[in-house]
Amino acid sequence: TFKPYGKHSSMPHFPKAEEFLTVISGRLKVSSGNRTCILNKGDTGRYRADQHHSIENLCGSESSAFLVVWFPK
């Protein structure tokens, strides 16, 4: 759950790690490296997590999401 206009920034994870983010409610901006994407309710994004990445709530109310971090073998 993200507070209104809240942001979570993350350092790089292990090589080739990825994250899968599904928006349950609200609107989130995902940035990974030099790429950015806006996700709305019901959208799922997949992005590299082996570089700096962030998730930002673009709403004046709480947004929620389901996040899976995948670490390859």
Side-chain angles (χ1 to χ4, degrees):
T1 301
F2 293 84
K3 293 183 180 184
Y5 304 110
K7 183 175 182 178
H8 173 74
S9 295
S10 183
M11 297 295 291
H13 302 315
F14 294 104
K16 298 185 181 178
E18 292 182 319
E19 290 186 356
F20 300 80
L21 181 78
T22 300
V23 180
I24 306 299
S25 65
R27 189 170 192 224
L28 299 172
K29 178 171 81 171
V30 178
S31 299
S32 175
N34 62 359
R35 301 183 77 172
T36 299
C37 182
I38 307 255
L39 301 173
N40 296 295
K41 179 180 176 180
D43 291 342
T44 298
R46 181 183 95 184
Y47 50 93
R48 292 182 60 175
D50 60 353
Q51 53 192 310
H52 284 90
H53 53 286
S54 65
I55 305 166
E56 181 178 356
N57 183 6
L58 299 177
C59 298
S61 58
E62 286 187 346
S63 290
S64 62
F66 182 76
L67 177 67
V68 174
V69 182
W70 180 72
F71 297 102
K73 292 182 180 181

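Model, not experiment: these values are computed from the prediction. Side-chain atoms are counted along with the backbone in the values below, which use heavy atoms only and exclude waters and symmetry mates.
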key: Atom of Ser32, atom of Arg48 and distance for their closest heavy-atom approach   = OG-O, 2.7 Å
ask   = Looking only at heavy atoms, which two atoms of Phe66 and Ile24 are closest? And how far apart?
value = N-CG1, 4.1 Å
ask   = Can any side-chain N or O of His8 pair as donor or acceptor with the backbone N or O of Gly6 at less than 3.5 Å?
value = no
query = Can you name the nearest heavy-atom pair linking Asp43 to Ile38, along with the distance?
reply = OD2-O, 4.5 Å
note = Val23 and Asn40 have their tightest heavy-atom pair at CB-O, 3.4 Å
message = For a 4.5 angstrom cut-off between non-hydrogen side-chain atoms, does His53 reach Tyr47?
response = yes
note = CZ of Phe2 to CG of Leu28, rounded to nearest 0.5 Å, is 5.5 Å
message = I need the Ser61 OG to Tyr5 OH distance, nearest 0.5 Å.
response = 8.0 Å
ask   = When rounded to the nearest 0.5 angstrom, what is the spacing between OG1 in Thr36 and NZ in Lys29?
value = 6.0 Å
message = Quick check for you: to the nearest 0.5 Å, what is the distance between Ser31 atom OG and His52 atom NE2?
response = 12.5 Å
ask   = Looking only at heavy atoms, which two atoms of Ser54 and Ser9 are closest? And how far apart?
value = CB-OG, 3.8 Å
task = Could you check Arg46, Glu18, Lys16 and say which one makes a side chain to side chain contact (heavy atoms under 4.5 Å, CB included) with Trp70?
result = Glu18
ask   = So, does Ser63 use its side chain to make a donor-acceptor pair with the main chain of Asn57 at under 3.5 Å?
value = no
Where at least one partner belongs to residues 14-45, residue pairs that pass ring pair (Phe, Tyr, Trp, His ring centres under 6.0 Å), sequence neighbours excluded = Phe14-Phe71
inquiry  = As an exercise, state the distance from NZ of Lys41 to OG of Ser64, rounded to the nearest 0.5 Å.
reply    = 9.0 Å
request  = To the nearest 0.5 angstrom, please state how far the CD1 atom of Ile55 sits from the CG atom of Leu21.
outcome  = 4.5 Å
ask   = How about His13 and Asp50: do any of their side-chain heavy atoms sit closer than 4.5 Å?
value = no
